Protein chains: 2
Amino acid sequence: MDVKILCLGVLSRGEASGYEIKKAFEEGPFSHFHQASFGSIYPALNALSSEGLVECRAQAQEKRPDKKIYSLTAKGQQSLTNALLAEPDHDRVRSDFLFILSFAQFLPPARVAALIDQRIAWYRESLERMEGCAAANTAPPGAAFVRNMGIAVYRTAAEYLENNRDALIAEVSAPEVLVAE
Amino acid sequence: MDVKILCLGVLSRGEASGYEIKKAFEEGPFSHFHQASFGSIYPALNALSSEGLVECRAQAQEKRPDKKIYSLTAKGQQSLTNALLAEPDHDRVRSDFLFILSFAQFLPPARVAALIDQRIAWYRESLERMEGCAAANTAPPGAAFVRNMGIAVYRTAAEYLENNRDALIAEVSAPEVLVAE
DNA sequence: ATCATCATATATCGGGTCGAGATATATCTG
DNA sequence: CAGATATATCTCGACCCGATATATGATGAT
């Protein structure tokens, strides 16, 4: 599942510029489970264009670079549908937070506390945005399903951190005492 | 947080060869929240070696490439501790499963069902392995904390899929009827 | 009032990383 | 006995991220 397919997916929800596609992966509904940067989006759009999977309509703007608005062609929609039928690659999670936390014994307890509190705050903010999303009613069934799964998972993660925070801090604060006894 | 730091982290749990480090990211406790391939591990170990952060002890083996066993130096432990104090990069999730599922309306309902069932089975297998892990008692507090968080999150994900599977399949099976009414 | 930062918008480049393969052999499985 | 799997190191091409360049308007800070 390379960036070209990801772009086709975004464009299937409506025409967009490269800049807007980037935003879909940064703030939009896809941001929680896929990313793409300018360095991959712009070359991908050029390739898709020359393959005839997307069409490009340049919209002149005052004193700014022309906005190139891309839209899916019938061939592009077909290509997307085919790609979606392929066996999905295994999920890949990269979490510095969990990596660092798994070495909590090397960190000052105050740092562990700060790390966890930051993360709880992040989950709570994300949940507010996801739950208060006005577009949720009009979203296609798959998108709503994925969104609600994200809410359930984030809520569990936040609650776990809230419920187990103090116990971990106590363990990394005074393990020597327990060993000495 | 590049592969060099990840290798230092693995080596802080005990000496290991490049092959064994790879396994730690493939099957071991790190596999759920970080990955690294041979193409990044071996260059990283060479760089760490020339920086004096790890030591290499070659163990001759009969009729096999010499096993190079790496271990952390004091300088390496210091470097790891410093790196762990840095602000963690934001998490990055890449899930083809969720991407594909968010376009469920383009897929045959039977395919949606198969996709979800596969994923439920994967979560259940992972949970069994994580819960039945004998090393859990001896793990440092941070690692145990992270492991239990993973269990909580995977359990929620599996339950969500089990509880909402049929509703999604119903929605993508006969949406036209609802629109027509 | 001026300076900095951010948002819009496209595009490239260096460096890091993945996945696949090359190489070599022993052991397990059918 | 053939084929798959596990051990073990290492390289290479393709791909992708993050930073940067370019250009300007709007917003915010001092």
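All chains are named by letter (A, B, ...) in the order of the sequence lines, taking the proteins before the strands, and each is independently numbered beginning at 1. Here the structure is a predicted model, which means the values were calculated and not measured.
- Using a 4.0 Å heavy-atom criterion, one finds that B/G18 contacts the sugar-phosphate atoms exclusively.
- The CD atom of B/E26 sits 13 Å away from the C1' atom of D/dT7 (whole-angstrom rounding).
- Contact check, A/K4 against D/dC15: no side-chain N or O comes under 4.0 Å of OP1 or OP2.
- Look at B/S17 and you won't find any side-chain N or O under 4.0 angstrom from OP1 or OP2 of D/dT7.
- Atom CE of A/M1 and atom P of C/dG19 are 14 Å apart (whole Å).
- Residue contacts for A/K22: at a heavy-atom cut-off of 4.0 Å it reaches no nucleic acid atom on any strand shown.
- Using a cutoff of 4.0 Å between basic side-chain nitrogens and carboxylate oxygens, A/K75 and A/E55 are not scored as salt-bridged.
- Using the six-membered ring where Trp is involved, A/F99 and A/F103 have ring planes that are perpendicular, over 60° apart on the 30 and 60° scheme.
- Each of C/dC18, C/dA20, C/dT12 was ranked by its minimum atom distance to the side chain of A/Y42; first place goes to C/dT12.
- Atom NE2 in A/H34 sits about 11 Å away from atom P in D/dC16, given to the nearest Å.
- The residue B/K23 sits close only to the backbone: its heavy atoms come under 4.0 Å of sugar-phosphate atoms, none of a base.
- Remark: P of D/dC10 and CG of B/N46 are 6 Å apart, rounded to the nearest angstrom.
- Inspection of the B/D96 and A/H34 side chains reveals an N or O donor paired with an N or O acceptor under 3.5 Å.
- Close to D/dC17, at under 4.0 Å from its OP1 or OP2, lies a side-chain N or O of A/S37.
- Going from atom CZ of A/F38 over to atom P of C/dT8 covers 10 Å, rounded to whole Å.
- A distance-only check finds no donor-acceptor pair linking the side chain of A/S79 to the backbone of A/G76 [under 3.5 Å].
- Residue A/S40 places at least one side-chain N or O under 4.0 Å from the OP1 or OP2 atom of D/dC17.
- B/Y123 places no side-chain N or O within donor-acceptor distance of the main-chain N or O of B/T156, the cut-off being under 3.5 Å.
- Residue whose closest nucleotide on DNA chain D sits further toward the 5' end, between B/R94 and B/I69: B/I69.
- Nearest nucleotide to the side chain of B/R92, out of D/dC17, C/dC18, D/dT9: D/dC17.
- Sequence order on DNA chain D of the closest nucleotides to B/P43 and A/D2 puts B/P43 first from the 5' end.
- Considering only side-chain atoms of A/K67, the nucleotide from C/dA9, D/dG18, C/dA20 that sits closest is C/dA9.
- Relative ring orientation between A/F30 and A/F33 is described as perpendicular, the plane-to-plane angle rising above 60° on a 0-90° scale split at 30° and 60°.
- Checking D/dT7, C/dC18, C/dA9 against every side-chain atom of A/Y19, the shortest atom distance belongs to C/dA9.
- For the pair A/R57 CZ and C/dT10 P, the computed distance is 12 Å after rounding to whole Å.
- The interatomic distance linking A/E20 (CD) with C/dA9 (C1') rounds to 10 Å, in whole Å.
- When the P atom of C/dC18 is taken as reference, atom CD1 of B/I41 falls 8 Å away, rounded to whole Å.
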